[in-house]
Structures are given as C-alpha cells and as structure tokens.
Amino acid sequence: MSELDPTIFTRYAEFLQQRAGGVVARWTALWGVAGALLGGVLLTPWADWPVHGVQARLVVLLGGVAGLFLGHSLGSWRARGLELQAQLARHQLQFELMSLARARPEPEQPLPPVQLAAAVVPSATPPVTQ
C-alpha cells in the first residue's frame with residue numbers, strides 16, 4: 001500500500017473552495033445576460049408586441065433582473081455543493097490520518113518487574129483414607 005499524501009487532499013479541497021467562490025458570479029452574469037436576451041425577444045418584429053420606447057427598455061431590464069435573481073440562486077446552490085465536497089475532502093483526510101495512527105503499532109514498553117510471593121506448599125500430604 002502506498003503512503004498517504006496529505007497534500008493531495010488539501011490541494012483538492014482548496015481547488016473546490018476556489019471554484020465555489022467564482023461560481024456565484026459566473027452563474028449570475030450568465031443568467032442576467034440570458035434574461036435580458038429573453039426580455040429582448042419581445043422587441044423583435046416577429047413577436048408583434050406593441051412595446052415602444054421606455055417600455056421596451058423596461059422589458060429588457062426586467063428580464064435581466066429576473067435572470068440575475070435566478071442566476072444568483074442557482075449559483076449559490078451550486079457553490080454550496082462544491083463547498084460540501086471540499087469539506088468532505090478535509091474530513092476524509094482527517095479520517096485517513098486517524099486510521100493510520102491507530103494502525104501503527106505502539107512501541108513495546110518493558111513490563112514492570114513482578115515480585116512473586118513464595119508459594120506455601122506442604123512438604124508431605126496426608127494419605128487419603130476411606
């Protein structure tokens with residue numbers, strides 16, 4: 001069996017933690033743009049909605065805000081999952097280190113000297129009569 005390398009667990013946990021940090025921002029930006037694009041679909045000629053001027057900008061803005069809200073919610077959920085995986089990697093390392101510590105034999109210590117009392121043995125036993 002190969003030796004346990006604790007740096008693998010810690011690097012993996014740090015990688016997951018860093019990844020979780022950027023997930024919320026990426027998902028929020030992605031869904032904000034997607035919401036704005038979906039809000040802008042109403043402005044296309046084939047949508048045939050009578051939206052003009054300030055109302056058109058408001059529709060795009062509301063779509064973007066809705067997308068931002070959805071993206072932040074989904075990103076937070078995904079980040080919590082990655083943080084959980086990072087925490088599990090840290091606990092796995094602790095478990096492995098504790099298991100290895102238990103499996104190692106303890107150095108033998110010499111037993112303390114035992115003083116035996118002199119046993120009392122009768123010199124001659126009486127014969128058994130029936």
Side-chain angles (χ1 to χ4, degrees):
M1 186 171 146
S2 65
E3 287 293 319
L4 176 68
D5 186 13
T7 59
I8 293 174
F9 287 95
T10 55
R11 282 189 310 186
Y12 181 63
E14 289 170 2
F15 166 74
L16 289 173
Q17 201 70 35
Q18 288 174 354
R19 197 167 154 206
V23 165
V24 176
R26 283 192 303 265
W27 280 64
T28 303
L30 176 73
W31 281 94
V33 171
L37 289 175
L38 287 175
V41 166
L42 297 176
L43 304 178
T44 59
W46 53 271
D48 197 28
W49 275 52
V51 178
H52 301 288
V54 175
Q55 292 174 345
R57 291 186 187 105
L58 184 62
V59 168
V60 173
L61 181 66
L62 287 176
V65 168
L68 288 173
F69 178 73
L70 179 65
H72 188 275
S73 298
L74 292 174
S76 296
W77 181 72
R78 177 80 172 134
R80 277 192 301 262
L82 290 171
E83 289 169 353
L84 175 66
Q85 285 181 342
Q87 193 67 22
L88 285 173
R90 288 186 188 101
H91 284 291
Q92 179 70 27
L93 174 62
Q94 288 177 354
F95 177 77
E96 291 292 333
L97 291 175
M98 286 177 18
S99 296
L100 287 175
R102 285 187 197 156
R104 288 189 185 120
E106 293 182 14
E108 284 194 33
Q109 298 176 359
L111 295 174
V114 177
Q115 296 178 353
L116 298 176
V120 178
V121 179
S123 59
T125 58
V128 179
T129 58
Q130 292 185 357

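Hydrophobic cluster of Trp77: no remaining members, since no ILVMFWY side chain lies below 4.5 Å from it.
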Scan the side chains in residues 84-94 for donor-acceptor partners under 3.5 Å anywhere in the protein, sequence neighbours excluded, and list what turns up.
residue : atom : partner : partner atom : Å
Gln87   : NE2  : His91   : NE2          : 3.3
Gln92   : NE2  : Glu96   : OE2          : 3.0

If you look only at distance, which donor and acceptor atoms sit under 3.5 Å apart when one is on a side chain in residues 13-40 and the other is two or more places apart or in another chain?
residue : atom : partner : partner atom : Å
Thr28   : OG1  : Val24   : O            : 2.6

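In this structure Ser99 satisfies the side chain to side chain contact (heavy atoms under 4.5 Å, CB included) test together with Phe95, sequence neighbours excluded.
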